[in-house]
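To find a chain, count down the sequence lines: A is the first, B the second, and so on, and within it residues start at 1.
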2 protein chains.
Amino acid sequence: MPEHVEHLENVSLPPEQGDGEAASRRHREPLTRERILRAALQVMDQEGLEAVTMRRLGRELGVEAMSLYNHVKDKEAILEGILEVVMAEFEFPEETGDWEADVRAGARAWRRLMIAHPTVIALFAESKHPASSPERLRPMEWAFEILGRGGLSEVEVVRAFRAFGGYIMGSVLNEVANPVPGMGDRDHHAEHMQLAGELPPTEFPNLVRLLPLMAECDAEVDFEFGLDLLIAGLRAKANRPAR
Amino acid sequence: MPEHVEHLENVSLPPEQGDGEAASRRHREPLTRERILRAALQVMDQEGLEAVTMRRLGRELGVEAMSLYNHVKDKEAILEGILEVVMAEFEFPEETGDWEADVRAGARAWRRLMIAHPTVIALFAESKHPASSPERLRPMEWAFEILGRGGLSEVEVVRAFRAFGGYIMGSVLNEVANPVPGMGDRDHHAEHMQLAGELPPTEFPNLVRLLPLMAECDAEVDFEFGLDLLIAGLRAKANRPAR
DNA sequence: CGGCATATGCTTACGGCGTCAGGTAGTCTA
DNA sequence: TAGACTACCTGACGCCGTAAGCATATGCCG
């Protein structure tokens with residue numbers, strides 16, 4: 001067993017006194033739940049969910065894996081914490097008073113958040129407990145507030161929330177699970193095209209015809225298309241004039 | 001129907017004597033990709049994604065983990081195979097000729113499939129490659145076919161497909177990730193209600209008021225609500241009369 | 001100042017994971 | 001009958017999450 005290595009970090013601090021190790025430990029900022037969650041989110045964004053590992057987070061923070069347990073209960077708690085951090089990033093759009101515009105802006109803000117951290121979709125899909133932290137509930141509260149101004153009944157507000165929420169979630173899921181160009185990977189375009197070329201045209205005539213079209217679509221435009229459908233339907237339901 | 005017969009067994013060998021191990025090895029039906037995928041799907045449905053393990057599947061099939069590799073490349077190939085098996089279960093609704101009814105029926109069939117195997121959502125969310133097997137593409141082809149009959153332009157068909165697909169995916173995701181009663185877990189209802197009771201009412205007035213409503217909602221009815229919105233919007237776009 | 005409680009981080013270890021490398025025993029064909 | 005092939009097994013490696021216990025630093029008491 002080699003002797004204890006005095007980490008090189010201690011050269012960066014003022015030479016107070018003899019004990020290098022103690023000094024280095026003093027000057028590195030202490031571990032916190034906050035710091036852990038931020039590191040976890042970063043690793044997840046950059047390298048995917050399977051890279052988020054206790055040992056890896058420890059390495060990222062200059063600490064052993066077991067030290068993390070002083071600040072979080074579980075790995076599961078870390079994953080839930082990531083959701084918290086992400087939802088806390090939600091940027092509440094400025095309210096215009098125009099109901100449709102506000103709904104649209106809210107939907108876009110939500111989508112933008114998910115697109116910025118695509119892997120959270122998988123996190124949602126695997127999470128076992130419903131949301132309960134204020135960070136996760138605040139955007140929800142706000143969405144209810146906005147939707148409630150459209151002349152809908154209470155139960156319609158709930159249903160509209162679920163309809164929009166579902167649509168946003170699913171759009172992003174399809175977008176990141178089945179990527180098309182316009183956002184990121186160019187090679188999936190080629191993959192799509194090639195697939196369309198290889199398909200037996202008698203069994204898959206529509207696919208052969210439409211897959212290339214699909215590959216060319218802009219995910220953002222498509223998102224707006226579905227949003228239009230939902231809002232048009234809702235407008236009818238609320239007996240509003242087409243503005 | 002219990003039509004399962006072990007056809008290979010009697011063909012192969014005359015009844016050799018004695019050796020118990022050889023005999024037992026002979027009458028267990030041989031491992032196949034098919035059998036592996038079915039076992040994987042069953043384990044996943046009953047115990048969740050994290051229970052799907054090479055060793056576990058081996059145990060399930062009376063075989064060591066490494067034997068699975070004679071029939072599948074990877075664990076990842078197994079997970080993709082599960083998607084294949086599930087999508088092969090898609091029940092194509094009978095076509096009525098009524099476009100709206102057909103679209104609705106298709107959406108319901110899709111939803112029913114996901115609800116029957118809730119964990120596949122997580123699989124979709126994690127899968128890295130777009131669909132390419134015929135089993136996964138056939139329902140897609142069919143959806144394009146149905147949507148194409150509504151008087152939409154080609155690009156609108158693609159967009160409608162993505163809108164409906166997104167909505168279905170997301171609805172089911174929200175339904176299984178944030179369960180409410182009516183389908184399965186009763187205790188989540190209580191959880192919701194309790195949460196509503198504990199929330200600071202000045203910060204979350206809408207949540208406090210609407211969460212109980214939400215807990216009472218029927219997921220299926222809510223699904224239909226969103227479906228109505230989308231179809232109403234689409235009907236307008238296609239310049240069809242409200243039938 | 002000494003002494004202890006508490007908080008923080010480290011070490012070790014256990015069982016389970018995916019999978020590589022190599023072994024073996026039955027079966028098929030020349 | 002020899003050799004190849006198939007289908008399965010054994011053992012090992014390096015990961016994983018985390019339980020248990022040890023070491024050290026800090027804060028509070030007299």
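- For B:E141, the side-chain contact (heavy atoms from CB on, under 4.5 Å) test picks out A:F204, A:P205, A:N206, A:L207, with sequence neighbours left out.
- Annotation: ring-ring contact (aromatic ring centres under 6.0 Å, His included) contacts of A:Y69 (sequence neighbours excluded): none.
- Looking at A:W110, A:F161, A:F92 one by one, the single match for ring pair (Phe, Tyr, Trp, His ring centres under 6.0 Å) with A:W142 turns out to be A:F92.
- Sequence neighbours left out, the pairs with a member in residues 68-89 of chain A that pass salt bridge (charged side-chain N to carboxylate O under 4.0 Å, His left out) are A:R33-A:E84.
- The B:Y69 side chain lies nearest to C:dG18 when the options are C:dG18, C:dT12, C:dG9.
- For the salt bridge (charged side-chain N to carboxylate O under 4.0 Å, His left out) condition, the pairs that include at least one residue of residues 37-53 of chain A, sequence neighbours left out, are A:E34-A:R38, A:E47-A:R56.
- Between C:dC17, D:dC9, C:dG9, one nucleotide has an atom nearer to the side chain of B:R59 than all others, and that is C:dC17.
- Taking the side chain of A:V63 as heavy atoms from C-beta on, and the options D:dC8, C:dC10, D:dT10, the nearest nucleotide is C:dC10.
- A straight line from CD of B:E64 to P of C:dG23 spans 18 Å, rounded to a whole angstrom.
- In terms of the side-chain hydrogen bond (donor to acceptor under 3.5 Å, both in side chains) criterion, B:R55 has no residue partners (sequence neighbours excluded).
- Here B:E203 pairs with A:R138, B:P200 under the side-chain contact (heavy atoms from CB on, under 4.5 Å) rule; sequence neighbours left out.
- Rounded to an integer number of Å, the gap from CG of B:L61 to P of D:dC9 is 11 Å.
- Taking each heavy atom of B:A125 and A:A125 in turn, the nearest pair found is CB-CB, 4.2 Å.
- For the contact set between residues 71-79 of chain B and DNA chain C, defined by any heavy atom under 4.0 Å, the members are B:D74, B:K75.
- Contact check of residues 39-57 of chain B against DNA chain D (heavy atom, cut-off under 4.0 Å) returns B:R55.
- Remark: P of C:dC20 and CE of B:M66 are 7 Å apart, rounded to the nearest angstrom.
- Legend: residues meeting ring-ring contact (aromatic ring centres under 6.0 Å, His included) with B:Y167, ordered by chain and number and at least two apart, are B:F223.
- What separates CG of B:N70 from P of C:dT24 is a distance of 17 Å, to the nearest Å.
- Nucleotide C:dC17 holds its C1' atom 14 Å from the CG atom of B:L68, rounded to whole Å.
- In this model, the phosphate group of C:dC10 is approached by a side-chain N or O of A:S67 to a distance below 4.0 Å at OP1 or OP2.
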